[in-house]
Protein chains: 2
Amino acid sequence: MSESNDRLRDVFRAAGRRLTPQRRLILEVLEESDEHLDAEALHDQAKIHDPDISLATVYRTLAVLKEMGLVEEHHLGEDHSHYEAVRDGPHYHFTCLGCGKVIEFDTPLIAQVKQELSEREGVRVIGAHLHLSGYCAQCQAKKAGGQGSNEE
Amino acid sequence: MSESNDRLRDVFRAAGRRLTPQRRLILEVLEESDEHLDAEALHDQAKIHDPDISLATVYRTLAVLKEMGLVEEHHLGEDHSHYEAVRDGPHYHFTCLGCGKVIEFDTPLIAQVKQELSEREGVRVIGAHLHLSGYCAQCQAKKAGGQGSNEE
DNA sequence: TTGCTAATGCAAATCATTCTCAATAAGAAG
DNA sequence: CTTCTTATTGAGAATGATTTGCATTAGCAA
């Protein structure tokens with residue numbers, strides 16, 4: 001317990017930052033969640049383990065983690081942000097306009113788009129967000145079948 | 001002037017909405033702008049022609065136009081929204097993290113991604129937002145050349 | 001022209017996010 | 001293990017964007 005515990009601390013030290021229990025907690029909650037949490041949901045989850053953690057700290061930590069590349073911010077709905085721990089490679093999102101479900105996917109085609117744009121415009125591409133929207137299979141069936149609305 | 005004037009009105013009527021001078025003005029400002037205006041900039045522009053138009057009306061109209069498919073909303077920077085009149089086909093954005101410049105581009109590869117995802121997941125894709133970020137040619141040169149910072 | 005009701009302007013209200021500041025605690029140094 | 005420096009925290013006020021309530025105005029169908 002005295003050795004593996006310091007991996008994350010080293011990452012923070014390398015970034016010239018301090019590893020606090022709050023930061024560790026916030027990152028853990030994000031990593032253990034399958035969802036794309038927003039700041040408030042994240043705060044709620046974190047409060048289970050540390051009832052005193054403040055929303056301001058959540059936002060501040062999110063900014064730090066984002067800067068360190070450990071977390072990504074997404075604008076999925078129309079309003080506020082959602083956050084996600086960076087696991088493997090980049091991936092993209094599809095949101096169902098009917099039920100709100102989010103499907104994650106990946107595709108090499110985006111790398112091609114980056115390549116294409118880099119050559120055409122001379123830019124250096126660092127980040128890519130792709131957000132598709134439409135209707136999932138279930139919601140299509142629902143609309144086609146009957147006009148009964150049993151979904152909010 | 002008594003005939004072409006009603007094109008837009010018909011579009012509104014078909015949507016069960018009223019065409020007001022304010023709505024016409026807001027759409028005109030958006031259509032005549034090359035930029036991706038935010039609500040406040042749009043309000044400023046609109047006030048030139050109608051000093052009494054309110055910011056609330058700008059937001060309300062933007063929502064209506066978006067719903068009618070005449071306008072698109074983008075999250076380009078990190079904070080508030082920018083709006084753009086829908087002209088032709090879909091197109092995508094690159095934002096320079098150095099100077100904030102926005103480059104618009106199009107690519108058939110996104111259509112491929114849609115196709116791919118539709119087949120794989122059975123979804124029906126309606127909208128697509130692709131937002132790349134990085135550094136434009138000038139900002140790369142600036143960073144490489146000297147450390148002189150002449151840019152905010 | 002009339003009447004119904006959507007749309008407007010204004011100001012107050014919300015919502016998400018950031019900031020201020022005194023108190024606390026991480027981590028480097030001794 | 002104690003000390004010191006200063007980044008980080010919690011609480012709440014502040015900010016900025018967007019929305020809403022309400023009384024008034026004005027589209028547009030009849």
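Here is how names work: the chains are called A, B, and so on, in the same order as the sequence lines, proteins then strands, and each is numbered from 1.
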Which residue lies toward the 5' end of DNA chain D, B/P21 or A/D50, if each is placed at its nearest nucleotide? A/D50

From NE2 of B/H80 across to P of D/dT15 the rounded distance in Å is 18 Å

Should A/K101 and B/E121 count as an ion pair when the cut-off is N to O under 4.0 Å? no

Select base, sugar-phosphate, or nothing to describe what B/R60 touches, counting heavy atoms under 4.0 Å on all strands. base

Assign each of B/R13 and B/A39 to its nearest nucleotide of DNA chain D by heavy atoms, then name whichever residue's nucleotide is nearer the 5' end. B/A39

Distance test, side-chain N/O of A/T57 to OP1/OP2 of D/dG10, below 4.0 Å: yes

Given the rule in the side chain to side chain donor-acceptor pair (under 3.5 Å) test, do A/E116 and B/T107 qualify, once you have shown the distances and angles that lead to the verdict? CA-CA 9 Å; A/E116 212 176 63; B/T107 168; 3.2 Å; yes

Is B/T20 close enough to D/dA26 that one of its side-chain N or O atoms is under 4.0 Å from OP1 or OP2 there? no

In whole Å, what is the span from the CG atom of B/D79 to the C1' atom of C/dA16? 12 Å

Determine the interplanar angle of the B/H91 and B/H74 rings, folded into 0 to 90°, and report it as parallel if under 30°, tilted if 30 to 60°, perpendicular if over 60°. tilted

At less than 4.0 Å, is any side-chain N or O atom of A/R23 found next to OP1 or OP2 of D/dT8? Yes or no. yes

May I have the distance from A/D10 (atom CG) to C/dG27 (atom C1'), rounded to whole angstrom? 13 Å

Nearest-Å distance, CG (B/L62) to C1' (D/dT20)? 17 Å

I need the CZ-C1' distance between B/R24 and D/dC28, as an integer number of Å. 14 Å

Could you check how far CG of A/L55 sits from C1' of D/dG12, rounded to whole Å? 12 Å

Are any of the side-chain nitrogens in B/E104 or B/R87 under 4.0 Å away from the carboxylate oxygens of its partner? no

What contact category does B/I53 fall into here, base, sugar-phosphate, or nothing, at under 4.0 angstrom with non-hydrogen atoms? sugar-phosphate

Rounded to whole angstroms, how far apart are CG on B/L25 and P on D/dG27? 14 Å

Tell me whether the side-chain N/O atoms of B/Q22 come closer than 4.0 Å to OP1 or OP2 in C/dG9. yes

Working for ring-ring contact (aromatic ring centres under 6.0 Å, His included), residues B/H36 and B/H93: CA-CA 11 Å; B/H36 296 73; B/H93 299 86; 4.6 Å; yes

Using a cut-off of less than 4.0 Å, is there contact between a side-chain N or O of B/Y59 and OP1 or OP2 of D/dT19? no

Classify the nucleic acid contact of A/D52 as base, sugar-phosphate or nothing, counting any heavy atom under 4.0 Å across all strands shown. sugar-phosphate

Is the phosphate of C/dT17, meaning OP1 or OP2, less than 4.0 Å from a side-chain N or O of A/S81? yes

Length of the line joining A/E73:CD and C/dT17:P, which is rounded to integer Å: 7 Å

What I want to check is whether an N or O donor and acceptor connect the side chain of A/R18 with the base of D/dT6 at under 3.5 Å. yes

